[in-house]
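Encoded as structure tokens, the structure appears first; notes follow it.
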Amino acid sequence: MRKLRPLLACLALSGCHGRQVMLGAAGRDGSMFANLWLVFLIVTLVFYALVLIGLVWAILRRREGGEPATRTGLLVWVGVISVTLAGLSIASWLVDRNMNRAPFTGLTVEITGHQWWWDVRYTSADPSQTLRTSNQLHLPAGMPVRVILKSADVIHSFWIPNISGKQDLIPGRTNDIVITPEKVGLYRSQCAEYCGLEHAHMAFDVTVEPLADFEKWWAQGLLPARAPVTPLQKAGYAYVTTRECSTCHNIAGTPATGQVAPDLTHLASRLSLGAGTYPMNSGHLAAWVADPQSAKPGNKMPVIGLEPDQLNAVVSYLESLK
Amino acid sequence: MSSPCRASLLALVLLAGCDEQARDPRGHPLPETGPLLSAAMNPARPDPRAVDYYKNAFEVSQGQQLFQWMNCSGCHSNGGGGMGPALSDTKWRYGSSMADIVQTIANGRPNGMPSFSGKLTQAEMWQLAAYVRSLSQHVPQSIRSGRTEGLSVGEPSTLRDPHPPRAVTPKQDEASVE
Amino acid sequence: MAQRWPKLVLLVAVGLVVAALVAFLIIRGTGERAAEAARTPYEQPALAKTAAGAGAHPAGQWYIPAGDYASTRFSDLADINTQNVGQLKPAFTFDTGYLKGHEAAPLVVGSTMYLVTPYPNVVYALDLTKPDRPVKWSFNPHPNPKSQGIACCDVVDRGMSYDNGRLFMVTLDGQVIALDANSGAQVWRTPVADISKGETVTMAPLVAAGKVLVGDSGGELGVRGSLKALDEGSGKVVWKAYSTGPDKDVLIGPNFHPYYPSDQGKDLGVKSWPGEAWKQGGGTIWGWISYDPELHMIYYGTSNPGPWDAEDRPGDDKWTAGIFARDIDTGQARWFYQTAPHDLYDHDAINEMILLDMPVNGTMRKVLVQPGRTGFMYVIDRVTGQVLSADPYASMTAYTGVDLKTGRIQHNPAEVPQSGRVTRGICPAAPGGKDWNPSAFSPRTGLLYVPHLNLCMDHVYTGANYISGTPFLGVESKMYAGPGGYRGEMTAWDPVRRKPAWQIRENLPLWSGALATAGDVVFYGTLDGWFKAVDARSGKLLWKYRTESGIVGQPISYRGPDGRQYIAIYSGVGGWVGGLVSGGFDPRDPTAGLGIFNAVPDLAKYTGRGGRLYVFALPR
Amino acid sequence: MTELDPDLARDGPELTGVELDRRLTAAWRRQPGLIGWLSTTDHKEIGKRYIVTAFVFLALAGVLGLVMRAQLARPESGLITADRYNQIFTMHGTTMMFLFAVPVMEAMAIYVIPLMLGTRNMTFARLNAFSYWMYLFGGTMLWVAFVLNTGPDAGWFSYTPLSGPEYAPGKRVDIWAQMITFTEVSGLAAAVVMATTILKQRAPGMTLAKMPIFAWSMLVVALMIIFALPAVALDSGMLLSDRLVGTHFFNPYEGGDALLWQHLFWFFGHPEVYIIFLPATGFISELVATFSRRPVFAYPAVVVSLCATGLLAFGLWVHHMFATGLPRLGFAFYTAASLTVSIPTGVQIFCWIATIWLGRPQFRVPMLWVIGFIVTFVIGGLTGVMLASVPLDLQLHDTYFVVAHFHYVLIGGAVFPLLGAVTYWFPKATGRMMSEALGKLSFAVTFVGFHLTFFPMHITGMMGMPRRVYTYPAGMGWGTLNMISSIGAAILAFGVLLFVINIILSFRAGRVAGANPWEAAGLEWATTSPPPVYNFPHLPAVASRTPLWDEGEGLPVTTGLRVDDRELLSVTIIDAIPSVREPSPKPTIWPLLSAIAIGVTFVWSIFTPWALVFGLVPSAIALTIWFWPKNPDVPPEPEID
């Protein structure tokens, strides 16, 4: 029983708030998972208890009296296991079927995994309403969302534990998963398939918000980047949109049109930096731009070696990209 | 085999192994602010950085990725050329040394090669140069890879002639004569 | 049992004999009918005719590459005919001194022939009156050498135009130059392209109604395509019509009445693109412009959208890969038809449009006919933009047809390229059923002579990165011969009956233009350097001549000062497919040259580089 | 006593005792010196080398595990770089699975099985030696490469395309794939030797129904290896050719498929777990019987369970791939199959507990490991039940929950029984007992350290921590639990260290053990400790499953085998009726030389495909000499009635 206590503590943790926990139950699948897991947990605990009781009893029992009916016991045991497993199978199958029956209402997000960041595209029948962003996901609460998953290089896995289970992004295949976030809040997703050097730093933020807020966010996302205002920002703009940055990154409405790295159009409105490596703030932004290889060694952004005043200007401009 | 002999052999393997297989995400820069390509001016003394790139599998693979990302493949295809000259043959209009190639990438060339100075870091240019050399088997066979994850582009580089044809250094191709 | 055998055998034998007899009669009957049909097809009254008013051209002269505004490339000289063409001999040759693709058509004005070479776009004026045809003058515009590196498919020049004592030429780096035809002196020079953005100019400018019309090249480099009209006298830009972007940039106004609803709406040049993709959206104009003086309208096609990777640009990508009709004075669009909405394969619409008047379903219609890169022969009402018919003339797997109700091309879902998985067997390949090399039309036969391709490809999207002045493609592709194993084909197409009259298979892709003459001879050249003359009615090969290099030029015919009929053609391999030889590329890489070199890895066996004008005439 | 006929060539009533020992020793001993040492075909020597080598790999991989725990003790720790960490976790997994777990089980069997079956050596003794050399070379190559910074870094599962030619530049993954080739050759060789030995070389009278359960488990395992390993051999071969000569097996662009790798890998990979686990259940059955002083309860049920597990193991592999987007309908089948496999395991656990119940348990050190096994393994089994469910697996997959699960299964389910088995058979191999006190201490420390390390991982997994991350951000709530795990890992390592110390001390100064110190029932205890080079003076014959308990000292023997040459007795497969006297090959250096030639070919072929052509020549020469018939004129032995 010693081992049960932490297990129960774990169960208790499900009540705690975590941005990346399985028992967060913030989505349709997440809730079903929590319930099914509880069923499995109780059943397995009962069986574990039975085994331990049997073992302790076998060790401690006094060795007198006749042969107990062990043969019958074996048959009963096999019967009990079989029936229980059949029950668990059916329960699991029912939940699985239920998860797959999520209604689909039309919001489709296309996510492409890259080493080591996420390219996110909100599709629309009207191509000009297509929204492209990176390393973040905004979802309307209560609406099933179809997520189309592709990979540009190796296998990654899409997983927002609070909301739903995993689905792999496999090169040459297009997978999809329907997720239904239910609780408004901030969550975190992390790549769940080993994808190379910086697998540990391949996360993104998930914001579940009311539909109205979501639509507002989408509309804002379609706007081009803010124009620089202060002289410092203008100097940063000049650097970012003409030099190394622009070769890889896109900032809508500017000459920075690179397509091989995360979109920076509304960078400063995101919650984190470097695919969940740093929280977003000016200090981290400066640290990241100055030396992206220090916090996330091996990522594809090179060390440019900016002079201090250039760095100031660049960070000042990037910070203004709300 | 005597034990000192064995030890030295091991050390040799060790050195070779480290060079070719190491992965340094920062590249092998002399200081980024240092003089650009000083060695390119002096062909007698090759740039000390060169060997760190073209004899390193990781750097070549990074160069390969940049070759796609920076649209080099748009002109030079997978070495066969198209808008730009072929890189997989034996003709080198502007020199075949690592420093020459970096110079070409950095400053461009008059017949259409654009300049990437200010668009790429020096380390990236060296990685690209290493990959460009690999297109004509100018890097050790052991660090080339059999294929890319993509459309098959013919004979795998690992099987091409391990003895590369000797490079022809700056000789004006008649096509480039105006 | 044994006794029944002979009976059985007899029965079977008799049955077989009867069956064979019946079959023989049936086949013979069909054969006779077919032969009959082949003998008398063109005696019908309803022939297609050159559009009234657009077919005029000065007798025995050649002012613009297409010969006339209707783009027929028809010469009314008949001295050389099917009987005597076999005696053609070279009259003279001229070496240009450059070894890239010679795609231009020579011009003949009076007693002077004007030639333009590929980059560096040198112009020569040859005096035809003297026996050794000396150079009267030459002009070197000195274009920026950097432009060589951003020209997608060899540094070609497709010709000049002559009007009113002046020659109008373009340079690879995007300058339009007017020259005095007598002296070769520069009259004006206007830059219309920015090579730092990837813009070049390779097309032949068209002079009409006092304007020099010139577009741009660079659909492979994320150029935002546009057509410019320059004042013939001053070189000032009169109007400029973009192929993407808001209506005011595209010169779409109240007179714009596209036939199909999918082309109606405000600012479709922005709304049919994601985000700001239209700014690098391609739609360049590097092909041919036709002009109908009666309707006062010009017709031209726009090129592929950028990038080639269609997954990067969801939407219809207006106004790329389509045909515009515009008012020549104001540039205002009149109608538009998109041959390939959301183009998947680089199937531009820049090919030549031949203006014809012909019966369609019993009534005469003013039409334009375009052998499209999509592989369809489009017959479009040139007044309204309605597609009257679209029939495949080349091997086709990519499309299943064109819906004449909506005008939309129908894709074969199995051949839609994607990222991460190679889609195989796409026909036609990226250069299309036919590339730029123009067809000819003979009003005598009512047939269109289409030199075209039989190529298919494997294609995969890889995602594109936009860096100004570098390629913007995002594909890898590999081309090869289509069904049948041959790579080029000369088709004589009957636009009225909507089917080929005859076809000639060519081993190598056909990259030269065609010429039809009143002597009922059709001329064209092949990549292995053969210049061929065939019977316009039957396709029978009448004569051929081996030139020094592959032919990618446009043949013309003129009457010399000595009164004889001449045929002129450039020989000098190059262009997209011929670039393999002229650029010295490496065909071991199957993706080289955007994948086209894989279709002609043997080209160097047939031809070396060259750059020579050949002029043929009958012996005296 | 009359003079013995010096030409008497067969053992029998006249030829016993010292003279028999002299003659048999002369026939079976190997040459002295280095060459002799390298040439040996004695299963005991090979088995001991195998065991020691496997434990060396265990220690190395364990150290890597400690390094990983040190790195993960704190969030955003900069102790080792991402690149190093990825190499380390790959090496840890690869070494543990391919170089420790499977080989050590084979190794124990190579040592014990012939003794258990009452035979003088294994069939194909030279192949057995060859198997060891290939294993040694493969493991050495991997570790030398790792030291040279060429350690594989694509995970022990090496999913394509991460392990493919584009995303794994250099020779790192080639080393991994070629190491697989080495272990495949070695594993298949050992499996063939094992299966044939068990089927054909049992003591007369030891019918299949009287065979020790450990032999049963090894028979099932050997057959599983023969069916499972070719899948991964094919897989790694295709990977190598993709990388080296540009084939497109795993290139989706050209019609290959990244998932093909996973299917083939897990078709091997899941049975692999049972290949490790089933021998451990065999150990447990032996230990439980000995220390409960009665035969295992419901022998037929246990044997059927073993076979059922072996069969079912091949029907589960897709449960590693629930998140790959395969058709969901089929998943229900794999869930059911995965759950079904816990029935035979449940049966075995019931039987062991029932054996304890019915017996008179003695709590010696091996028995403690058995109890530790049951307490620990059952947790791993039950979390496995959770992982079999598709909806649960889609969350739990690739998190630390899974890390916890399989360490409970593999350490609790295989290493604990192994350590128990080593303690149990140590006196047989060395003639000395292991220290009981130190053994109890090491058990206690290991047990506590293990649970402290791995139990918290269930929770870190539930809290969303993915596997194979070299670091994790602060503020995720994972810090404390990871710190506990790291402390636990140190304790666990200390426990294992105590075990090793116990072995070393006991080897030198342990209490001298007799032939049967545990008073066990198996034939291996019928000979001296350590056994003579020829194992048994006369081959024993048996009539029950517990011969030593039933027959005591009067174990019947079989006679008539040659004493002047190596000869084995073959029996019929089911009833163990003697059928043929078979010569056993003499020691020779050629298995080693063949292994060297083939090993060089393998290593060389990482660099060029031509190696396969050129390397074929020395390999063929070495193998030809090895196989050359030495006595072609000796007629085959007549059948025995």
Side-chain angles (χ1 to χ4, degrees), chain A residues 3 6-7 10 13 18 20-23 32-33 36-37 40 44 47-48 51-52 54-55 58-59 61 63 67 70 73-74 77-78 81-82 85 88-89 92-93 95-96 99-100 153-155 157 161 165-168 170-173 175 190-200 297-298, chain D residues 81-83 86 155 159 161-162 167 252-253 257-259 297-298 301 323-325 328 332 335-336 339-340 342-343 346-347 349-350 353-354 356-358 360-361 371 374-375 378-379 382 385-386 389-392 394-395 397-398 451 455 458-459 462-464 466 468-472 476-477:
Chain A
K3 260 141 258 103
L7 210 63
C10 170
L13 274 170
Q20 185 176 328
V21 294
M22 290 184 197
L23 296 172
M32 286 193 274
F33 164 80
L36 184 65
W37 189 73
F40 269 69
T44 49
F47 273 86
Y48 190 56
V51 170
L52 284 195
L55 182 64
I59 290 169
R61 83 179 186 106
R63 312 276 151 185
E67 289 272 301
T70 25
L74 179 58
W77 174 248
V78 170
I81 298 181
S82 306
L85 291 177
L88 291 180
S89 292
S92 163
W93 180 68
V95 170
D96 191 40
M99 281 181 173
N100 285 319
D153 36 50
V154 302
I155 299 176
S157 193
K166 295 177 188 68
Q167 193 69 248
D168 289 352
I170 300 172
R173 282 172 183 259
N175 280 342
Q190 192 166 0
C191 176
E193 183 59 78
Y194 175 63
C195 56
L197 210 53
E198 277 301 330
H199 167 57
Chain D
T81 64
D83 184 33
N86 294 342
Y159 276 6
L162 183 65
Y167 298 104
Y253 287 78
D257 199 326
L259 281 189
F297 168 74
T324 54
R328 203 125 175 182
T335 297
L339 292 176
T340 311
S342 49
I343 296 175
V347 167
I349 288 178
F350 185 92
I353 291 178
I356 298 174
W357 175 301
L358 297 172
R360 295 179 308 281
I371 292 165
I374 293 177
V375 170
V378 172
I379 293 181
L382 292 172
V385 168
M386 292 182 182
S389 156
V390 178
L392 297 190
L394 288 178
Q395 280 281 13
H397 178 66
D398 271 350
H451 285 277
F455 196 83
H458 290 111
I459 307 168
M462 294 296 291
M463 289 173 75
R468 299 156 188 158
V469 290
Y470 76 92
T471 188
Y472 52 91
M476 299 299 294

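When heavy atoms are compared at a cutoff of 4.5 Å, A:V78 approaches chain D solely by way of its side chain, counted from C-beta outward. Looking at A:Q167, the atoms closer than 4.5 Å to chain D (heavy atoms on both sides) sit in the backbone and in the side chain alike. If you measure heavy-atom distances from D:Y472 to chain A, you find no contacts under 4.5 Å at all. Residue contact with chain A, scored on non-hydrogen atoms closer than 4.5 Å, involves the backbone and the side chain of D:L162 alike. Of the two parts of A:L55, the backbone and the side chain both hold a non-hydrogen atom closer than 4.5 Å to a non-hydrogen atom of chain D.
Across all their heavy atoms, D:M386 and A:T44 have their closest contact at CE-OG1, 3.7 Å.
When each of D:M476, D:Q395, D:H397, D:R360 is scored by its heavy-atom pairs under 4.5 Å with chain A, the top score falls to D:Q395. Heavy-atom pairs under 4.5 Å with chain D were tallied for A:P297, A:S157, A:C195, A:G298; the largest tally goes to A:C195. When each of A:I155, A:I81, A:L74, A:I170 is checked for heavy-atom pairs under 4.5 Å with chain D, A:L74 comes out on top. Annotation: maximal heavy-atom pairing with chain D below 4.5 Å, among A:C191, A:S89, A:G54, occurs at A:S89.
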- Query: Going through the distances and angles, do A:Q190 and D:V469 end up as a side-chain contact (heavy atoms from CB on, under 4.5 Å)?
  - Reply: CA-CA 10 Å; A:Q190 192 166 0; D:V469 290; 4.0 Å; yes
- D:M462 and A:V21: CA distance, side-chain angles, deciding distance, side-chain contact (heavy atoms from CB on, under 4.5 Å) verdict: CA-CA 6 Å; D:M462 294 296 291; A:V21 294; over 6 Å; no
- Item | Full working for side-chain contact (heavy atoms from CB on, under 4.5 Å) between D:V385 and A:F40 | CA-CA 8 Å; D:V385 168; A:F40 269 69; 3.9 Å; yes
- Message: Run the side-chain contact (heavy atoms from CB on, under 4.5 Å) test on A:I59 and D:I371 for me, step by step, so that the C-alpha distance in whole Å, both residues' side-chain angles and the decisive distance to 0.1 Å come before the verdict.
- Response: CA-CA 10 Å; A:I59 290 169; D:I371 292 165; 3.7 Å; yes
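A donor-acceptor contact shorter than 3.5 Å links the side chain of A:N175 to the backbone of D:T324. D:Y253 places no side-chain N or O within donor-acceptor distance of the main-chain N or O of A:G172, the cut-off being under 3.5 Å.
In this structure, D:L392 CG and A:M22 CE are separated by 9.5 Å, a value rounded to the nearest 0.5 Å. Rounded to the nearest 0.5 Å, atoms OH (A:Y194) and CG (D:N86) are 3.0 Å apart. Taken from CG in D:D398 to NZ in A:K166, the straight-line distance is 6.5 Å, to the nearest 0.5 Å.
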